[in-house]
Peer 1: 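Structure incoming, see below.
From a predicted model like this one, the values you see are computed outputs, not experimental measurements.
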Amino acid sequence: MQESILVVDDELEIVDIISDIFEDLGYRVLKAYNGEQALDQLKTNVDLIILDVMMPQMDGFDLCKVIREQIYCPILFLSAKHSEMDKVKGFTLGGDDYITKPFQVKELIARVEAHLRREQRDRVSTQNQRLLGNLTINYSQHDVLLDGKKIDLTSKEFKILELLTVNLGQIFSKEQIYEKIWGIDAMGDLNTIIVHINNLRAKLTSGMSTYHIKTVWGVGYKLEKR
């Protein structure tokens, strides 16, 4: 299926440039020049949104809040605002990435495609089950079986295991795990990650899982075969 990208910017030239870039790569590109047009485009399927911040009437931040009430696809801010405060605000409102203008074409393409790949992995993870040695994870049912016996996991433990199994071998820091599971705007102690990891390890170790959670000292955690 052809993936759709919605480009929202009040600068017509910017919209045309970005549209040409991604249409040449085989994407379906939808265009909007203000908040009202963008919301109207959401009536069709959209896989990713490239969103300008500085727009008249409804700016990108306000539009992002409205969009997040309707869909959960990646939102990539593309803005002339460079301050750290603006970037933090964009992430807090539900943005997934923030690129400043003027932008590098190769970087924009790389970031868009990275977000779309992650969305594809997430869709697969919610539809299928995965067998890792003697460990079976049913993502849609939130069931985990070890040697055919169900393991009772808390919601957060399951989400951490899901993150590590869908991205097998990839290292995640405590900060990354916290952001992906609790949300970037959540407030809490990162030590809670250690507690959940230790509890999850204990439940997997009790049945001698083929795969285990390894600590990469000074970096984070990953799932790997024993």
Peer 1: Would you say Val195 and Ile213 are hydrophobically clustered, going by side-chain heavy atoms of ILVMFWY under 4.5 Å?
Peer 2: no
Peer 1: Does the side chain of Ser4 come within less than 4.5 Å of Asp47's, by heavy atoms?
Peer 2: yes
Peer 1: Is atom CD of Glu13 surrounded by more than 12 heavy atoms (other residues, nucleotides or ligands) closer than 6.0 Å?
Peer 2: no
Peer 1: Does a side-chain N-to-carboxylate-O contact under 4.0 Å join Asp9 and Lys101?
Peer 2: yes
Peer 1: Roughly how far apart are Ile18 CD1 and Ile5 CD1, rounded to 0.5 Å?
Peer 2: 9.5 Å
Peer 1: For the atom pair CD1 (Ile181) and CZ (Phe158), what is the distance rounded to the nearest 0.5 Å?
Peer 2: 10.5 Å
Peer 1: Nearest heavy-atom pair of Asp10 and Pro56: which atoms, and what distance?
Peer 2: OD2-CD, 3.6 Å
Peer 1: Could you see if Leu25 belongs to whatever hydrophobic cluster contains Ile17? Use Ile, Leu, Val, Met, Phe, Trp, Tyr and a side-chain cutoff under 4.5 Å.
Peer 2: yes
Peer 1: Taking the side chain as C-beta and beyond, is there a heavy-atom pair between His196 and Ile177 under 4.5 Å?
Peer 2: no
Peer 1: With sequence neighbours excluded, give me every salt bridge (Lys or Arg N to Asp or Glu O under 4.0 Å) pair touching residues 133-144.
Peer 2: Asp143-Lys150
Peer 1: Identify, with sequence neighbours excluded, every residue that meets salt bridge (Lys or Arg N to Asp or Glu O under 4.0 Å) alongside Arg68.
Peer 2: Asp96
Peer 1: Which heavy atom of Gln37 sits nearest a heavy atom of Asn34, and at what distance?
Peer 2: N-OD1, 2.8 Å
Peer 1: Less than 4.5 Å apart, side chain to side chain, heavy atoms only: is that true for Leu135 and Leu146?
Peer 2: yes
Peer 1: Just wondering, do Leu108 and Leu76 contact through their side chains at under 4.5 Å, heavy atoms?
Peer 2: yes
Peer 1: Centroid-to-centroid, Phe77 to Phe91, below 6.0 Å?
Peer 2: no
Peer 1: Return the CZ to CG distance between Arg111 and Leu48, rounded to the nearest 0.5 Å.
Peer 2: 12.5 Å
Peer 1: Going by side chain to side chain contact (heavy atoms under 4.5 Å, CB included), name the residues that satisfy it together with Asn198, two or more places apart in sequence or in a different chain.
Peer 2: Ile194, Arg201
Peer 1: Could you check whether any side-chain heavy atom of Leu42 comes within less than 4.5 Å of a side-chain heavy atom of Leu39, counting everything from C-beta outward?
Peer 2: yes
Peer 1: Side-chain donor-acceptor pair under 3.5 Å between Thr192 and Tyr178, yes or no?
Peer 2: no
Peer 1: With rounding to the nearest 0.5 angstrom, report the NZ to CG distance, Lys156 to Asn199.
Peer 2: 13.5 Å
Peer 1: Quick check on Glu224: does its CD atom have over 12 non-hydrogen neighbours (other residues, nucleotides or ligands) under 6.0 Å away?
Peer 2: yes
Peer 1: Taking all non-hydrogen atoms of both residues, which atom of Gly60 and which atom of Leu51 are closest, and how far apart?
Peer 2: O-CD2, 3.4 Å
Peer 1: Once rounded to the nearest 0.5 Å, what's the spacing between atom OG1 of Thr215 and atom NZ of Lys222?
Peer 2: 11.0 Å
Peer 1: Do Ile160 and Phe172 come close enough that some side-chain heavy atom pair is under 4.5 Å?
Peer 2: no
Peer 1: For the atom pair CG (Leu93) and CG (Asp62), what is the distance rounded to the nearest 0.5 Å?
Peer 2: 8.0 Å
Peer 1: Taking salt bridge (Lys or Arg N to Asp or Glu O under 4.0 Å) as the cut-off, I'd like each qualifying pair that reaches into residues 25-35, sequence neighbours left out, listed once.
Peer 2: Asp16-Lys31
Peer 1: Are Ile171 and Leu163 in one and the same hydrophobic cluster, where Ile, Leu, Val, Met, Phe, Trp and Tyr link if side-chain heavy atoms are under 4.5 Å apart?
Peer 2: no
Peer 1: Sort out for me which residue in Ile151, Thr136, Ile137 forms a side chain to side chain contact (heavy atoms under 4.5 Å, CB included) with Leu145.
Peer 2: Thr136
Peer 1: Are the side chains of Asp59 and Met54 in contact, using a 4.5 Å heavy-atom criterion?
Peer 2: no
Peer 1: Any side-chain heavy-atom pair from Tyr27 and Leu116 closer than 4.5 angstrom?
Peer 2: yes
Peer 1: List in chain and number order the residues that pass side-chain hydrogen bond (donor to acceptor under 3.5 Å, both in side chains) with Asp86, two or more places apart in sequence or in another chain; answer none if no residue qualifies.
Peer 2: Ser83
Peer 1: Who are the ring-ring contact (aromatic ring centres under 6.0 Å, His included) partners of Tyr211, not counting sequence neighbours?
Peer 2: none
